[in-house]
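Remarks on the structure that follows.
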Amino acid sequence: MARESEDTGMAKASKAKRQRKKKPKENKTRTVHANIHYDNAKGEENPNRHYANNKIKTTKYTVLSFLPKNLFEQFHRFANVYFVFIALLNFVPVVNAFQPELALAPVVFILSVTAIKDLWEDYRRHRSDKEINHMDCLVYSR
């Protein structure tokens with residue numbers, strides 16, 4: 001008898017959960033615009049002017065932003081900041097341990113090698129993006 005009341009109680013609970021989960025479906029519609037190229041329509045006349053293009057761009061840098069962004073990223077590493085601080089500290093006559101120019105050489109070498117590596121990786125991303133953007137694809141046409 002107790003088992004029956006337990007089973008009916010569980011059945012009622014699961015039925016109540018199902019009823020709570022069911023929400024009335026809203027009839028939402030969406031509009032999909034075909035991105036047809038209009039060769040003769042320029043500027044304001046082009047109906048697709050409000051939509052973004054489909055080009056992939058995964059590169060981090062541009063020609064102008066490479067040096068500032070790269071140095072900013074490199075100086076977020078504590079080791080780089082520490083070694084630059086030690087190198088600059090060698091320019092103070094009271095605490096210099098050896099020639100200041102020698103202290104700068106390893107830091108500049110590490111920063112430049114890292115910058116060249118980042119430049120090469122970004123160039124490879126650019127080549128990959130260009131290859132993907134120039135691939136053939138299926139286009140829906142009315």
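Remember, predicted model here, so these are calculated numbers, not experimental data.
- If you take CG on Leu119 and OG on Ser112, they are separated by 12.0 Å, rounding to the nearest 0.5 Å.
- No more than 12 heavy atoms of other residues, nucleotides or ligands sit less than 6.0 Å from atom CZ of Arg124.
- Rounded to the nearest 0.5 Å, atoms CD (Glu121) and OH (Tyr61) are 8.5 Å apart.
- Connection of Phe98 to Phe91 is not established within any shared hydrophobic cluster, with ILVMFWY side chains joined at heavy-atom distances below 4.5 Å, either directly or through further cluster members.
- One hydrophobic cluster, built from ILVMFWY side chains closer than 4.5 Å, cannot hold both Leu67 and Val108; they sit in different ones.
- No side-chain heavy atom of Asn90 sits less than 4.5 Å from a side-chain heavy atom of Glu101.
- In terms of modelled atom types and a separation under 3.5 Å, the side chain of His134 and the main chain of Lys130 share a donor-acceptor contact.
- Distance check: Leu104 CG to Gln99 CD gives 11.5 Å after rounding to the nearest 0.5 Å.
- Once rounded to the nearest 0.5 Å, the distance linking CD1 of Ile110 with CZ of Phe83 reads 9.0 Å.
- At most 12 non-hydrogen atoms from other residues, nucleotides or ligands lie less than 6.0 angstrom from NZ of Lys55.
- Each of Leu88, Ile86, Val81 was evaluated against Val84; a single residue qualifies, Leu88, per the side-chain contact (heavy atoms from CB on, under 4.5 Å) test.
- Linking Ile, Leu, Val, Met, Phe, Trp and Tyr whenever their side-chain heavy atoms come within less than 4.5 Å puts Val95 and Tyr82 in one cluster.
- Closest heavy-atom contact between Ala103 and Ala87: O-CB, 3.7 Å.
- A side-chain donor-acceptor contact under 3.5 Å links Thr58 and Asp129.
- Between Leu111 atom CG and Ile116 atom CD1 the span is 11.0 Å, to the nearest 0.5 Å.
- How far CE of Met135 is from CD1 of Ile56: 9.0 Å, rounded to the nearest 0.5 Å.
- Not one N or O on the side chain of Asn96 forms a donor-acceptor pair closer than 3.5 Å with the backbone of Leu89.
- A salt bridge links Glu73 with Lys60: the distance from a Lys NZ or Arg NE/NH1/NH2 to an Asp or Glu carboxylate oxygen falls below 4.0 Å.
- Linking ILVMFWY residues whenever their side-chain heavy atoms come closer than 4.5 Å, directly or via other members, leaves Leu102 and Val94 in distinct clusters.
- The two residues Pro68 and Ser65 have their closest heavy-atom pair at CD-O, 3.5 Å.
- In this structure, Tyr123 and Trp120 have tilted ring planes: the angle between them lies in the 30° to 60° band.
- Between Asp118 and Asn70, the side chains place a donor N or O and an acceptor N or O closer than 3.5 Å (distance only, hydrogens not considered).
- Under the 3.5 Å distance criterion, the side-chain polar atoms of Asn80 are matched with a main-chain donor or acceptor of Gln74.
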